[in-house]
Amino acid sequence: GLVTLHHSQMAVDISPAVIDKASGVRFLVEKTGVALDQILGMGDSRGDFPMLEIVGQVGCPANATQECKELVNRKGGYISPYNYAMGVVDIIRRFTKED
């Protein structure tokens with residue numbers, strides 16, 4: 001009960017049980033005043049879910065887990081056709097309209 005363990009094909013995340021990526025986003029919102037609905041969250045696996053649930057815009061690369069893709073779809077987000085870093089670049093371009 002002291003830690004949370006999340007794993008994917010690429011990583012194992014071990015975090016204190018009360019801290020997750022959503023905690024970091026909430027801290028950012030508190031310090032900057034940027035609204036949650038204005039924040040883009042990107043993820044590829046279960047460890048990203050708390051953050052993806054609270055932000056206004058979401059995306060994931062093609063190599064994301066099926067569960068992550070379902071969450072992104074449910075929130076009306078964008079699933080890139082590209083894997084890994086290219087997927088991240090594609091998502092950023094999609095939401096910022098940059099070429």
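Model, not experiment: these values are computed from the prediction. Values below: all heavy atoms of this structure, side chains included; hydrogens, waters and symmetry mates excluded.
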Is the shortest side-chain heavy-atom distance between [X] and [Y] below 4.5 Å?
| X | Y | answer |
| --- | --- | --- |
| Q57 | Y78 | no |
| D13 | L5 | no |
| M51 | D48 | yes |
| I92 | M42 | yes |
| S45 | C68 | no |

Looking at every non-hydrogen atom in both residues, tell me the closest pair between [X] and [Y] and how far apart they are.
| X | Y | value |
| --- | --- | --- |
| G1 | A17 | O-CB, 3.3 Å |
| G41 | V55 | N-CG2, 3.7 Å |
| I91 | G59 | CD1-C, 3.8 Å |
| G87 | P61 | CA-CB, 4.1 Å |
| G43 | L52 | N-CD2, 4.1 Å |

With no hydrogens and no angle check, do the side chains of D44 and Y84 hold a donor and an acceptor under 3.5 Å apart?
-> no
How many angstroms lie between atom [atom1] of [X] and atom [atom2] of [Y], to the nearest 0.5 angstrom?
| X | Y | atom1 | atom2 | result |
| --- | --- | --- | --- | --- |
| E30 | T32 | CD | OG1 | 9.5 Å |
| L28 | L36 | CG | CG | 9.0 Å |
| F27 | I19 | CZ | CD1 | 11.5 Å |
| S80 | R93 | OG | CZ | 10.5 Å |

Between the main-chain N or O of [Y] and the side-chain N or O of [X], is there a donor-acceptor pair closer than 3.5 Å?
| X | Y | answer |
| --- | --- | --- |
| N83 | N63 | yes |
| K69 | A62 | yes |
| K75 | E53 | yes |

Just one of I54, V58, V25 clears the side-chain contact (heavy atoms from CB on, under 4.5 Å) bar with I39, so which one?
-> V25
Over 12 foreign heavy atoms within 6.0 Å of OH, Y82 |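 For Y82, atom OH is not crowded (no more than 12 foreign heavy atoms under 6.0 Å).
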Step-by-step side chain to side chain contact (heavy atoms under 4.5 Å, CB included) determination, T96 to L40 = CA-CA 10 Å; T96 62; L40 168 62; over 6 Å; no
